[in-house]
There are 2 protein chains.
Amino acid sequence: MSKTIYDIAKAAGVSIATVSRVFNDAETVRPATRKKVLKVADKMGYQPHVYAQGLARKKKNRIMMLIPVMSNYFFTEILRGIQDCLASHNFELNIVNINHEEAPLSQVENVLMKKWAEGYLLVSLHFSEDELKLLKRYKTPISLVDDCSELFDSVSFDNMQGAYLATNYLIKTGYKKIVFLSASAESIPIKDRLEGYKKALKENKISFDEKLIITGDSMERDGFTEKSGYEAMLKILQLKPLPDACFCTSDIKAVGAQKAMRETGIEIPLISFDNLTMAEYIGLSTVHQPMYTMGLNATKKLINRIHNKGVDPSHEIHQHELIIRSSSEPVLIKNVAL
Amino acid sequence: MSKTIYDIAKAAGVSIATVSRVFNDAETVRPATRKKVLKVADKMGYQPHVYAQGLARKKKNRIMMLIPVMSNYFFTEILRGIQDCLASHNFELNIVNINHEEAPLSQVENVLMKKWAEGYLLVSLHFSEDELKLLKRYKTPISLVDDCSELFDSVSFDNMQGAYLATNYLIKTGYKKIVFLSASAESIPIKDRLEGYKKALKENKISFDEKLIITGDSMERDGFTEKSGYEAMLKILQLKPLPDACFCTSDIKAVGAQKAMRETGIEIPLISFDNLTMAEYIGLSTVHQPMYTMGLNATKKLINRIHNKGVDPSHEIHQHELIIRSSSEPVLIKNVAL
DNA sequence: CTGAAAGCGCTTACAG
DNA sequence: CTGAAAGCGCTTACAG
């Protein structure tokens with residue numbers, strides 16, 4: 001059916017080695033020979049078989065991105081960063097989806113085992129050190145994006161710091177009773193953000209109140225959904241006395257939370273987390289995460305490691321930036337504005 | 001380094017053919033032999049090399065999804081559908097990103113040429129019939145998602161009908177001067193939706209007015225961005241006389257448009273297109289697109305074709321469903337509600 | 001600058 | 001039920 005290197009070699013009157021050299025433009029092939037081969041190959045519509053290539057040389061010029069659906073909302077930005085980095089190197093990208101609900105670790109192991117790629121980008125996959133140690137056994141280059149460990153190159157956020165910033169801002173604005181609109185308590189980012197929230201309270205001598213940690217009932221995607229935010233805010237607005245303000249653990253949850261406020265007609269100032277593109281348009285005060293840069297830098301690290309396996313893992317932790325828009329304004333002002 | 005079938009064969013005291021059979025559990029291997037091989041393989045951490053497998057058998061049990069970044073907002077839903085379908089079949093999925101800005105056709109051709117997969121899902125890639133004919137030459141199973149052609153299996157929406165529904169609803173509600181908040185005029189979905197808009201006008205004996213087609217200046221992602229929607233609505237609200245209502249060509253654009261309305265304090269009823277999850281939470285009246293079902297059904301068709309290449313292409317065109325929420329309510333009522 | 005040949009790690013008729 | 005061997009389509013020392 002489809003042409004092989006033998007067909008081209010025969011048609012061009014050279015050996016298969018020469019055809020191979022033309023396509024890998026590695027060693028020097030005489031310009032005339034090269035031209036002839038290229039012409040024939042083009043006419044016959046020849047394209048090297050990637051599987052055969054991968055088997056014969058022992059590299060595949062391919063990196064793989066493993067990502068849980070959960071982090072979909074970051075996806076584009078991270079992907080843009082990765083692709084911009086890859087564009088200048090000779091690598092192709094494959095994306096594999098990790099189902100967050102069923103044993104993500106073994107799914108990752110399954111991918112690594114198959115040796116599809118020369119390097120792997122693990123995005124928003126939060127494994128314990130013990131689990132990561134298991135992955136280390138595959139002795140393959142891995143870069144962590146949105147997660148951090150001593151064991152691998154990583155580019156992450158300081159979730160704790162981000163939550164601290166937001167909470168502290170609310171306190172400094174004058175609010176005392178600040179509710180923490182949470183997601184799954186098992187989620188690593190949630191744990192870190194809760195830390196930051198507590199730290200801000202402590203620094204400002206406000207005692208921590210367990211009852212101000214509120215979660216929605218929906219736990220799909222670890223609770224990082226509009227629905228879960230909506231449910232949680234409904235609960236919050238029934239609290240007596242009403243909290244002064246809300247730190248909401250994601251923009252997407254804030255979208256749900258805002259619906260709850262609109263429906264009940266009760267509003268409290270809110271700061272959320274992520275700064276999705278849309279946040280600007282719905283006036284969300286939020287903690288910015290530089291997804292694009294993270295994707296870019298993690299890929300750089302990965303490619304470095306592919307070319308130079310020996311070096312120690314390096315880490316990059318981005319500090320968050322607080323972006324204040326209308327959602328955190330005092331309710332009084334909001335009402336006047338309307 | 002890593003174990004091959006030879007290592008396992010030697011350690012288990014069998015031939016490589018037997019090991020291969022155990023892993024493909026095709027022909028009957030004696031249970032005792034199988035058990036022995038499996039035990040050894042497990043202990044040695046053996047995993048077949050996918051490239052070698054792909055080369056040796058002539059199939060790869062792999063399908064590939066080609067998608068432009070542009071359609072990011074549909075991504076999760078479509079992907080869910082695809083994965084739910086794939087789960088029951090023995091196929092793996094790869095995702096390849098098509099850069100919408102630079103010669104998408106040749107990017108697709110590059111992928112097809114490499115014969116990475118047994119079938120390809122082309123999502124939201126709108127090629128002309130002539131271009132598709134070029135793809136036909138690769139003689140490989142292809143399913144079109146969110147696009148339609150006689151040449152390939154396809155699952156698409158009736159964009160025309162959707163726009164008609166929305167526009168007609170606005171007219172029946174009593175609005176006459178309805179603005180069409182557009183995106184890139186080159187975009188196929190935009191062309192179809194404009195058709196539907198015109199059809200509704202015509203049926204209701206309202207003359208079409210070129211000046212009511214408004215586009216933002218940002219043309220990134222063909223203008224399907226919050227920013228572009230914001231810019232367009234700003235222009236719309238300066239129109240004299242002010243239009244009665246707006247048909248907005250996407251939810252994400254509507255997010256931007258709503259910001260413009262909030263900022264200027266001028267509001268007009270609006271219906272958009274897509275029904276992203278978030279639409280429910282920001283009260284968007286919109287035309288629902290069943291992304292999940294489309295992903296699922298397109299994948300089914302693709303797998304059918306892989307197993308049975310001869311059959312004629314089949315097509316599925318989903319009708320849209322209009323979902324009415326608050327954004328299309330008369331402004332008077334909205335103001336009262338506040 | 002170019003060719004012959006071995007090898008990459010598997011699968012699969014063909015025998016037995 | 002199992003093995004020997006050819007073949008999948010390429011790359012890459014090794015010669016020349």
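Letters go in sequence order (proteins before strands), and every chain restarts at 1. None of these values were measured; they are calculated from a predicted model.
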Phosphate-side-chain proximity, [X] and [N], N/O vs OP1/OP2 below 4.0 Å:
| X | N | answer |
| --- | --- | --- |
| A:S20 | D:dT11 | yes |
| A:T4 | D:dG9 | no |
| A:T18 | C:dG3 | yes |

Whole-Å distance between C:dA4 P and A:K10 NZ?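 Interatomic distance, NZ of A:K10 to P of C:dA4: 14 Å.
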
Rounded to the nearest angstrom, tell me the gap between atom CD1 in A:I5 and atom P in D:dC8.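 Atom CD1 in A:I5 sits about 14 Å away from atom P in D:dC8.
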
Nearest of D:dC8, D:dG3, D:dC1 to any side-chain atom of B:A56?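 In terms of side-chain proximity for B:A56, the closest of D:dC8, D:dG3, D:dC1 is D:dC8.
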
Among C:dT11, C:dG9, D:dT11, which nucleotide has an atom closest to any side-chain atom of A:L55?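 It is C:dG9.
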
Students often get this wrong, so: under 4.0 angstrom with heavy atoms, is [X] touching a base, only sugar-phosphate, or nothing?
| X | result |
| --- | --- |
| B:V14 | sugar-phosphate |
| B:Y6 | base |
| B:V50 | nothing |

What's the spacing between B:D153 CG and B:D312 CG if we round to 0.5 Å?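 B:D153 atom CG to B:D312 atom CG measures 9.5 Å (nearest 0.5 Å).
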
B:A17 vs A:T33, nearer the 5' end of DNA chain C by closest nucleotide: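 Of the two residues, A:T33 wins.
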
Given the structure, check if the side chain of A:R57 and the base of C:dG7 hold any donor-acceptor pair shorter than 3.5 Å.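 There is none.
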
Checking side chain to side chain contact (heavy atoms under 4.5 Å, CB included) against A:L302, which of A:V155, A:I142, A:I82, A:L121 comes through?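 Among A:V155, A:I142, A:I82, A:L121, the one meeting side chain to side chain contact (heavy atoms under 4.5 Å, CB included) with A:L302 is A:L121.
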
Centroid-centroid distance, A:Y120 to A:Y138, less than 6.0 Å: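 No, they do not, as the ring centres are separated by 6.0 Å or more.
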
